[in-house]
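Below, read A as the first sequence line, B as the second, and so on, with proteins coming before strands; counting in each chain starts at 1. Keep in mind that this is a model prediction, so the values were computed, not measured.
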Amino acid sequence: MRTAGGARTMLTAVRVVTWNVNSIRARQGRVLAWLTRHRPDVVLLQETKCTDALFASEGYTDTYEALGYEVAYHGRDHWNGVAILSRVGLTDVARGFPGTNRPPYDEARVIAATCGGLRVWSVYAPNGRELDDPHYLYKLVWFERLRGAIAADRSGTPTLLAGDLNVAPTDADIYDPARWRRRTHASPPERAAVEALIDLGLVDVTRVAHPHHPDRPGRGPFTWWSYRPGQFAADRGLRIDLALVDARVASSVRDVWIDRDERAAGVASDHAPVVVDLSLPAADRAPGRG
DNA sequence: ATGACCTGTGTAACAGGA
């Protein structure tokens with residue numbers, strides 16, 4: 001716990017991480033090691049690739065609880081799947097979108113909760129596959145529904161939306177923009193969909209904290225690298241894992257960092273954790289944390 | 001130029017990823 005110098009306002013460090021783990025079963029060892037090493041307060045997971053039943057079973061929820069976390073999850077089958085772990089309180093959980101969710105909108109891609117004075121959303125956008133694939137149109141409508149859900153949220157709580165948005169917002173977020181010009185993740189409608197989210201009053205905090213890759217002016221930093229040989233080593237990646245926060249949260253951001261060391265490890269996810277370190281007014285936080 | 005890999009599933013090729 002820290003106090004601000006002049007302002008006498010009690011501030012508390014809150015670490016939030018978003019991480020597409022590409023299967024919680026395949027990644028559980030790495031996830032537990034990461035939690036132990038970095039002690040995040042709020043963990044937004046995507047692509048857990050497991051059912052609620054498996055997440056509730058021995059070795060997952062009980063293990064996180066033993067580390068001090070409350071747990072909320074949303075998974076229907078062996079695809080997609082999102083979850084939130086929090087050791088600063090976890091209430092008002094919402095799964096999926098408001099209203100009817102006929103297939104494919106019943107896929108487990110969204111979970112929200114209130115944690116430590118933040119309304120956090122863990123989201124996993126559809127991939128899109130190809131520009132002429134029906135899945136691409138689904139992706140665009142899915143973003144409209146996400147925008148509607150954020151706009152309709154009446155919690156009044158400062159908002160932090162993070163996850164795998166499967167869109168590189170600008171050409172600077174792609175190692176080789178020309179190569180991706182006619183592919184999903186870079187198309188103008190997808191970028192417009194992310195811009196529409198941001199237009200709700202959100203800030204892409206990674207871009208603010210890291211205007212450029214330290215070694216590649218005008219490029220990166222990235223959060224995803226293909227598993228194919230040489231891609232990570234050559235830093236041929238995309239920035240598709242984003243953290244979008246409203247103005248109240250933006251003013252509390254102390255640091256944003258991408259854990260490339262985790263991506264470099266053996267049996268790693270193809271996505272790196274993206275960490276947002278905040279200093280929140282203590283009054284905004286849920287009571288009960290020792 | 002293209003593909004290379006990883007995870008899950010009816011454990012053998014596939015679907016899906018990005």
Asker: Can a salt bridge be assigned to the pair A/Glu107 and A/Arg76 using a cut-off of 4.0 Å between side-chain N and carboxylate O?
Answerer: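 Looking at A/Arg76 together with A/Glu107, the answer is no, because their closest N to O distance does not fall below 4.0 Å.
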Asker: Does A/Tyr136 put a side-chain nitrogen or oxygen below 4.0 Å from OP1 or OP2 of B/dA18?
Answerer: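 Answer is no, no contact under 4.0 Å.
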Asker: Within 45 degrees of the axis of the six-membered ring of A/Phe232 and under 6.0 Å from its centre: does A/Arg263 put its NZ or CZ there?
Answerer: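 Yes, a cation-pi geometry holds between A/Arg263 and A/Phe232.
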Asker: State whether A/Arg254 and A/Asp277 are salt-bridged, where the test is any N-O pair (Lys NZ or Arg NE/NH1/NH2 against Asp/Glu carboxylate O) under 4.0 Å.
Answerer: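 Answer for the salt bridge query: no.
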Asker: Between A/Arg129 (side chain only) and A/Asp133 (backbone N and O only), is there a donor and an acceptor less than 3.5 Å apart?
Answerer: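 Checking the backbone N and O of A/Asp133 against the side chain of A/Arg129, no donor-acceptor pair under 3.5 Å is found.
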Asker: Please work out if A/Asn20 contacts a base, only the sugar-phosphate, or nothing of the nucleic acid, heavy-atom cut-off 4.0 Å.
Answerer: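 Sugar-phosphate contact only.
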Asker: Without decimals, in angstroms, what is the distance between A/Tyr175 OH and B/dA18 C1'?
Answerer: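 Interatomic distance, OH of A/Tyr175 to C1' of B/dA18: 10 Å.
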Asker: What is the distance, to the nearest angstrom, from the CH2 atom on A/Trp225 to the C1' atom on B/dG17?
Answerer: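 In whole Å, B/dG17 C1' and A/Trp225 CH2 are 17 Å from each other.
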Asker: Output one letter per nucleotide in nucleotides 1-14 of chain B: B when a protein non-hydrogen atom lies under 4.0 Å from the base, S when only the sugar-phosphate is that close, - when neither is.
Answerer: ---BBSSSS-----
Asker: Mind calculating the distance between CD (A/Glu47) and P (B/dA15) to the nearest angstrom?
Answerer: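 The distance from CD of A/Glu47 to P of B/dA15 comes to 18 Å, rounded to the nearest Å.
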Asker: Between A/Gln46 (CD) and B/dG17 (P), how many Å, whole number?
Answerer: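 My rounded result for the distance is 15 Å.
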Asker: How far does the P atom of B/dA18 sit from the matching atom of B/dC6, given to the nearest Å?
Answerer: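 It works out to 16 Å between them.
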Asker: Provide the distance between the two P atoms, one in B/dG8 and one in B/dG3, to the nearest whole Å.
Answerer: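 B/dG8 and B/dG3 have their P atoms separated by 25 Å.
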Asker: Ignoring hydrogens and geometry beyond distance, is the side chain of A/Asn166 in donor-acceptor contact with the base of B/dA18 at under 3.5 Å?
Answerer: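 When only heavy-atom distances are counted, A/Asn166 does not reach the base of B/dA18 through any donor-acceptor pair under 3.5 Å.
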Asker: Between A/Arg263 (CZ) and B/dA18 (C1'), how many Å, whole number?
Answerer: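 Atom CZ in A/Arg263 sits about 12 Å away from atom C1' in B/dA18.
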Asker: Given the P atoms of B/dG10 and B/dG16, what is the spacing between them in whole Å?
Answerer: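 Roughly 14 Å separates the two P atoms.
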Asker: Test: side chain to side chain donor-acceptor pair (under 3.5 Å). Region: residues 54-70 of chain A. Which pairs qualify, not counting sequence neighbours?
Answerer: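 Matches after skipping sequence neighbours: A/Gln28-A/Tyr64.
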Asker: Salt bridge check, A/Asp171 against A/Arg181: does any charged N sit closer than 4.0 Å to a carboxylate O?
Answerer: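 Yes, this pair counts.
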Asker: Using a cut-off of 4.0 Å on non-hydrogen atoms, how would the nucleic acid contact of A/Arg129 be classed: base, sugar-phosphate, or nothing?
Answerer: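 Result for A/Arg129 = sugar-phosphate.
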Asker: Say you pick atom C1' in B/dT7 and the same atom in B/dA12; how far apart are they, in whole Å?
Answerer: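 Taking atom C1' in both B/dT7 and B/dA12, they lie 15 Å apart.
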Asker: Could you state the CG-P distance from A/Asp270 to B/dG16, rounded to the nearest angstrom?
Answerer: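 Result: 17 Å.
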Asker: Check this for me, if you would: do A/Arg219 and A/Asp173 make a salt bridge, where the nitrogen-to-carboxylate-oxygen distance has to be below 4.0 angstrom?
Answerer: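 No salt bridge links A/Arg219 with A/Asp173.
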Asker: Name the nucleic acid region contacted by A/Asn80, choosing base, sugar-phosphate or nothing; use a 4.0 angstrom heavy-atom cut-off, strictly under.
Answerer: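 Here A/Asn80 touches no strand at all.
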Asker: How many Å lie between NE2 on A/His185 and P on B/dA18, as a whole number?
Answerer: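 In whole Å, B/dA18 P and A/His185 NE2 are 6 Å from each other.
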Asker: Looking across every strand, which nucleic acid part, if any, lies under 4.0 Å from A/Phe232 by heavy atom: base, sugar-phosphate, or nothing?
Answerer: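 No contact.
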Asker: Rounded to the nearest Å, what distance is computed from the CG atom of residue A/Leu131 to the P atom of nucleotide B/dA18?
Answerer: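 After rounding, the reported distance stands at 15 Å.
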Asker: Members other than A/Phe143 in its cluster, when Ile, Leu, Val, Met, Phe, Trp, Tyr link by side-chain heavy atoms under 4.5 Å?
Answerer: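 A/Phe143 shares its hydrophobic cluster with A/Phe97, A/Tyr105, A/Val110, A/Trp121, A/Val123, A/Tyr138, A/Val141, A/Trp142, A/Leu146, A/Ile150, A/Leu161, A/Leu165, A/Val167, A/Val194, A/Leu197, A/Ile198, A/Leu200, A/Leu202, A/Leu242, A/Leu244.
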Asker: For B/dA4 versus B/dG17, give the span between their C1' atoms, rounded off to a whole number of Å.
Answerer: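 Between the two C1' atoms, the distance is 15 Å.
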